[in-house]
Asker: 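To start, I am sharing the structure in question, which I have written as structure tokens.
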Amino acid sequence: MRKCWLLLILLMSSLLAWGQTVVFSHESGFYADTFSLTMQQVPADSTLTIHYTFNGNAPTECDAQYSGPIRLSPECYSRSGIYRVPTVPEDRWFQPERVERIIVVRAALYDTNGYRRSPVTTHSYLIDSLLGRRISLPVVSLCTDSLSLFDHDTGLFIPGWYHNPHFAYSTGNYFQRGRHWERDAAFAYLDPDGGKLLQDCGLRVHGNSQRVLVQKGLSLYARREYGARDFRYPFFDQRSRGSYRRLVLRPWSTSWSSAGIEDWLCQHLADSLRVDNLATRPVVLFINGEYWGIYFLEEKADEHYVEERHGIPDKEVDLLAYWGGEVENGNAARWDTLFQWLEKANLQKERDYAYLASQVDVDALMDYMMLQILILNDDWPVSNARQWAPLNGKWRWIFFDGDGALSMFTDRSLILDYMTYNLVVPNRHTSLQSTLLFRRLLANKQFLERSMARLREIANTQFTYRRSSALLNDIVKQVENEVPYQIRRFDKPSSMVRWRIAVETIDDFLRTEPEAMVNEYAQYFNLSVPQSDNFVVYDLYGRQVLSSESREEMLQVLPQGIYFLRMDSGEIKKMEIKD
């Protein structure tokens with residue numbers, strides 16, 4: 001009993017002392033030149049000393065003790081060289097000759113007994129004169145104890161204890177999942193314009209088969225136990241909100257081509273569709289001060305995404321993957337019941353179709369299908385499928401992972417074969433389970449004809465070359481200065497020439513394939529291609545201001561105001577354009 005009281009007293013005194021912290025003279029961020037960094041205790045306490053590290057590890061009482069200003073220089077770079085630690089099977093390993101570094105400083109207060117008496121303060125400094133350049137993209141800096149990443153038994157990044165050489169590309173520590181494989185990390189988001197967010201978070205490896213890549217995907221978890229329940233920052237222009245429970249760092253290397261930008265482009269093409277898609281932006285990642293290449297910071301497609309996007313509490317959401325094969329939140333009872341009904345349903349019957357429409361958001365599903373077709377996603381539908389529904393609500397699908405899309409080398413008819421597959425013979429792209437819903441819907445003549453019209457409409461609006469090429473040029477402009485450093489770090493892409501060829505291939509796809517896909521769809525299902533309806537636009541004074549068949553052109557060209565559209569059919573519609 002006496003020992004318990006002593007432990008309680010020590011715990012209470014520790015909590016009382018936790019109000020102290022280490023304050024740095026300079027905030028994390030971008031600096032033109034070097035400077036002297038000072039640290040101080042707040043409030044001051046002569047019984048405590050500041051200990052600090054430069055290698056990304058949380059400091060201990062055995063690390064360097066602060067005694068005065070530190071001139072930031074290359075001497076402050078981490079000497080750990082974690083980029084040399086093999087993180088994949090030997091035949092896939094690539095090690096650069098060297099990597100760029102930034103300066104990361106972590107500091108904490110310790111008492112004379114060696115107990116930490118403050119949180120760990122972590123700052124990251126990008127100094128142009130030391131780097132020899134100014135990074136134009138936002139930077140994410142992650143700091144975590146090296147054993148969290150590279151310990152043989154528990155390290156996230158290495159083959160380690162769980163690696164089986166007989167199944168080299170599907171086993172390893174990096175394939176482990178769950179809370180047990182989450183490690184604490186210091187997260188910093190630093191925007192060149194001065195915006196920033198610094199907080200502690202949880203860190204896990206993200207993805208499926210791509211976990212075996214040198215450049216690994218990462219999931220970031222905000223939790224109260226790390227200090228904050230949310231990442232409170234407006235990371236994405238695509239979203240008006242500024243709070244996220246989960247984030248993903250999607251590596252450039254997961255792209256199926258040398259372009260690296262397919263998923264970003266697909267997500268932005270999906271923005272104005274009736275589809276749940278992910279906000280994303282390119283960043284540069286440093287881990288423990290070492291350069292880790294180009295990543296895309298994204299929303300995480302989980303139950304918290306549904307809550308943030310639709311306002312439905314995560315506890316009231318059923319979230320499934322692989323067409324019900326994996327439960328990620330809630331349960332699969334409702335979906336299993338619907339799926340069993342679908343196996344015998346005849347959606348050509350009005351009653352059956354009406355019942356399905358009461359269980360599935362058919363319009364949203366239609367857009368999801370048409371999107372996958374227009375981007376020729378070669379890694380769908382058996383993979384990269386995630387569906388959700390609120391309690392007693394309709395099922396919807398989240399579009400994610402466009403890494404295998406936008407390829408000129410994918411046969412247009414194949415994606416339709418994948419979507420309508422009805423054979424028992426296994427196929428890595430598709431399956432009976434993943435196509436049952438599509439097959440039943442496409443057997444309904446009205447749905448099929450509406451899908452043809454919708455496909456044509458999307459191709460003529462969201463997928464016009466004018467819009468899609470502008471998006472392509474935007475992402476190329478954002479990343480092109482960083483691609484040479486990505487090449488040197490991971491050899492993906494292998495050269496700037498290969499990267500530019502891959503980008504040109506995507507440009508060719510955007511120019512030719514959407515319209516070709518509309519014709520392919522019509523031919524595949526023996527449908528006629530609906531003709532676009534030309535319209536003439538008049539202002540409030542009756543003056544003709546535009547004649548076109550592209551609503552996208554109209555929205556881009558005309559200023560805000562009220563207009564009247566006269567269709568070829570003679571119908572007149574009133575329309576208001578807002579900023």
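The structure displayed is predicted, hence computed values, not measured ones. No hydrogens, no waters, no symmetry mates; every other heavy atom, side chains included, goes into these values.
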Asker: Look at E308 together with R245 and state whether they make a salt bridge at an N to O cut-off of under 4.0 Å.
Answerer: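 R245 and E308: not salt-bridged.
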Asker: Can a cation-pi geometry be assigned to R511 and Y465, taking NZ or CZ under 6.0 Å from the six-membered ring centre and within 45° of the ring axis?
Answerer: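 So R511 does make the cation-pi contact.
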Asker: Report the C-alpha distance between Y189 and F235 in whole Å, list the side-chain angles of each, state the deciding distance to 0.1 Å, and finish with yes or no for ring-ring contact (aromatic ring centres under 6.0 Å, His included).
Answerer: CA-CA 9 Å; Y189 178 88; F235 298 105; 4.9 Å; yes
Asker: Does any donor atom in the side chain of N519 or Q523 lie under 3.5 Å from an acceptor atom in the other side chain?
Answerer: no
Asker: With respect to Q372, which candidate in D367, N377, D379, V275 satisfies the side-chain contact (heavy atoms from CB on, under 4.5 Å) definition?
Answerer: N377
Asker: Please determine whether the number of non-hydrogen atoms from other residues, nucleotides or ligands lying under 6.0 Å from atom CG of N526 exceeds 12.
Answerer: no
Asker: Is a side-chain donor-acceptor pair under 3.5 Å present for D403 with T254?
Answerer: yes
Asker: Under 6.0 Å from the six-membered ring centre of W181 and within 45° of its axis: does the NZ or CZ of R183 meet both?
Answerer: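 The answer is yes; both the distance and angle limits are met.
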Asker: Do the side chain of D193 and the main chain of G195 share a donor and acceptor less than 3.5 angstrom apart?
Answerer: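 Between the backbone of G195 and the side chain of D193 there is a qualifying donor-acceptor contact (under 3.5 Å).
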Asker: Verify the ring-centre separation between F231 and Y233: is it less than 6.0 angstrom?
Answerer: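 Not close enough - the centres of the two rings lie 6.0 Å or further apart.
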Asker: Does R386 make a cation-pi contact with F400 (under 6.0 Å, within 45 degrees of the axis)?
Answerer: yes
Asker: Say whether, by atom type as modelled, one donor and one acceptor occur between the side chain of R250 and the main chain of Y295 under 3.5 angstrom.
Answerer: no
Asker: Is the F236-Y244 ring centre distance short of 6.0 angstrom?
Answerer: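 When the ring centroids of F236 and Y244 are compared, they turn out to be within the sub-6.0 Å range.
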Asker: So that I know where these two stand, are W388 and H310 an aromatic pair - ring centroids less than 6.0 Å apart?
Answerer: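 For W388 and H310, the ring centres are under 6.0 Å apart.
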Asker: W323 and ring pair (Phe, Tyr, Trp, His ring centres under 6.0 Å): which partner among F438, F339, W395?
Answerer: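 Of the listed options, the one satisfying the test is F438.
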